[in-house]
Amino acid sequence: MITKQQMIQTLLPKPALPVKEQATAFSPANIALIKYWGKRDNELNLPVTSSLSMSLAHGTHTTVKVASADSCLLNGKECPPAFAKRLFDYCNLFRNKDTFFEIHTTNEIPTAAGFASSSSGFSALILALDDLFGWHADLKTLSILARLGSGSACRSLFSGFVEWHKGTRPDGLDSFAEPLNTSWPELQIEMLPISSSQKPIDSRSAMKITVETSPLYSSWPQTVANDLPRIKEAINSQNFHQLGQIAESNALAMHATMLASHPPILYFLPESIATMHHIWRLRNEGLPLYFTMDAGPNLKLLYLKKDSTLVHEALGL
Ligand code: 2P0
């Protein structure tokens with residue numbers, strides 16, 4: 001097995017001393033339209049399939065300061081210990097044992113409620129570390145490094161539509177994200193909060209249980225192989241119904257694989273299901289509205305800007 005340290009040695013220059021006192025960076029959160037669910041390598045966060053996301057306007061701001069001891073503030077308050085450990089374990093990959101950091105991270109999006117904040121978090125952190133250490137690494141390299149913190153973070157280095165190529169190499173050097181060359185300003189993605197409470201199981205554990213126990217997981221790579229080229233075609237031709245239909249069914253297929261695992265994993269709350277029925281009813285009545293869902297109870301709405309008022313009125317937003 002290749003370790004993170006071995007992989008990093010091939011990508012970065014050896015001396016690991018900061019070249020400045022502090023550095024600040026921002027990364028957008030991203031929402032997958034074709035989901036990443038399942039790893040082929042848990043150490044390097046190498047995915048079973050490719051995935052495709054859209055970056056949001058909002059995300060995470062992170063400042064890393066050189067300090068005499070490690071400390072971490074999340075949204076102005078002391079970080080939960082598990083979160084701080086994950087951040088500093090990640091920093092340990094890049095610094096020597098005498099370098100300590102004060103990290104301030106501000107999420108514009110609720111943490112751990114399925115709003116994809118770890119994606120922007122590790123992306124902003126690697127950008128800040130790149131500046132602090134003066135690596136001047138290219139975005140492909142930074143995408144690979146962000147992936148080591150959290151898989152979906154490799155997509156948050158970019159705005160717009162972003163594809164994470166799963167790659168095939170055991171060292172993961174070909175598993176990185178790249179922006180698509182297409183913009184679609186009319187396409188809207190909007191959070192529909194159902195609950196901001198902590199989710200019952202984190203996505204990392206949930207995807208591991210799914211891969212190891214779900215009899216439906218064997219169909220997931222084929223689902224993505226079918227959906228990915230078709231959604232890229234929909235993006236290129238700006239075919240909203242094709243995009244919405246593929247994104248919605250891809251998300252539901254991901255949840256179906258989880259449901260069949262043992263123990264079963266179900267992120268839907270009763271209100272999530274009621275909202276799905278409401279959206280399907282509205283769509284049957286002619287409103288062009290779809291949704292996607294991640295590892296949490298909240299829905300993300302997909303619609304076109306021209307229908308914004310109708311969507312908001314219909315859902316009481
Ligand atoms: C995604 N999710 O593509 C999928 C859809 C959640 C549902 O990526 O273990 O926090 O750090 O690689 O990136 C959430 O998983 O997992 C995720 P790790 P990550 O956005």
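Positions are given from 1 along the sequence. Ligands are counted one by one from 1 in listed order, and the atoms in each one are counted from 1 as well.
Below 4.0 Å from some heavy atom of R204 lie the following atoms of ligand 1, by number and element: 9 (O), 11 (O), 18 (P). With ligand atoms numbered from 1 in the order given, ligand 1 contributes 11 (O), 12 (O), 13 (O), 18 (P) to contacts under 4.0 Å with heavy atoms of G151. Residue contact check: S203 has heavy atoms under 4.0 Å from atoms 10 (O), 14 (C), 15 (O) of ligand 1. Numbered from 1 in the order shown, with element, the atoms of ligand 1 that lie under 4.0 Å from a heavy atom of M207 read 15 (O), 16 (O). Interface of A32 with ligand 1, defined as ligand atoms under 4.0 Å from a residue heavy atom, comprises 1 (C), 3 (O), 20 (O). Under a 4.0 Å criterion applied to the non-hydrogen atoms of S118, ligand 1 contributes the atoms 10 (O).
I235 is listed as a side-chain neighbour of L180, based on a closest heavy-atom distance under 4.5 Å.
Of all the heavy atoms of K39, the ones lying under 4.0 Å from any atom of ligand 1 belong exclusively to the side chain.
One option in R155, M254, K35, H255 has a heavy atom closer to atom 20 (O) of ligand 1 than any other, and that option is R155.
Residue-ligand proximity: R86 is placed with a non-hydrogen atom under 4.0 Å from ligand 1.
The 12-atom threshold is exceeded at NE2 of H278, counting heavy atoms of other residues, nucleotides or ligands nearer than 6.0 Å. Counting heavy atoms of neighbouring residues, nucleotides and ligands inside a 6.0 Å radius, atom CG of N181 does not exceed 12 of them.
Residue S152 has at least one N or O atom closer than 3.5 Å to an N or O atom of ligand 1. Checked against a 3.5 angstrom limit, the closest N/O atoms of D294 and ligand 1 fall outside it.
Here the rule is side chain to side chain donor-acceptor pair (under 3.5 Å) with S123, and of S55, S150, S27 only S27 fits it. Of the candidates T223, T210, D294, T210 is the only one forming a side chain to side chain donor-acceptor pair (under 3.5 Å) with W37.
Under a 3.5 Å cut-off, the side chain of R40 and the backbone N or O of L46 do not form any donor-acceptor pair.
Atom CH2 of W220 is separated from atom CG of N250 by 4.0 Å, given to the nearest 0.5 angstrom.
For the pair R95 and F101, the distance from NZ or CZ to the six-membered ring centre is under 6.0 Å and the angle to the ring normal is within 45 degrees.
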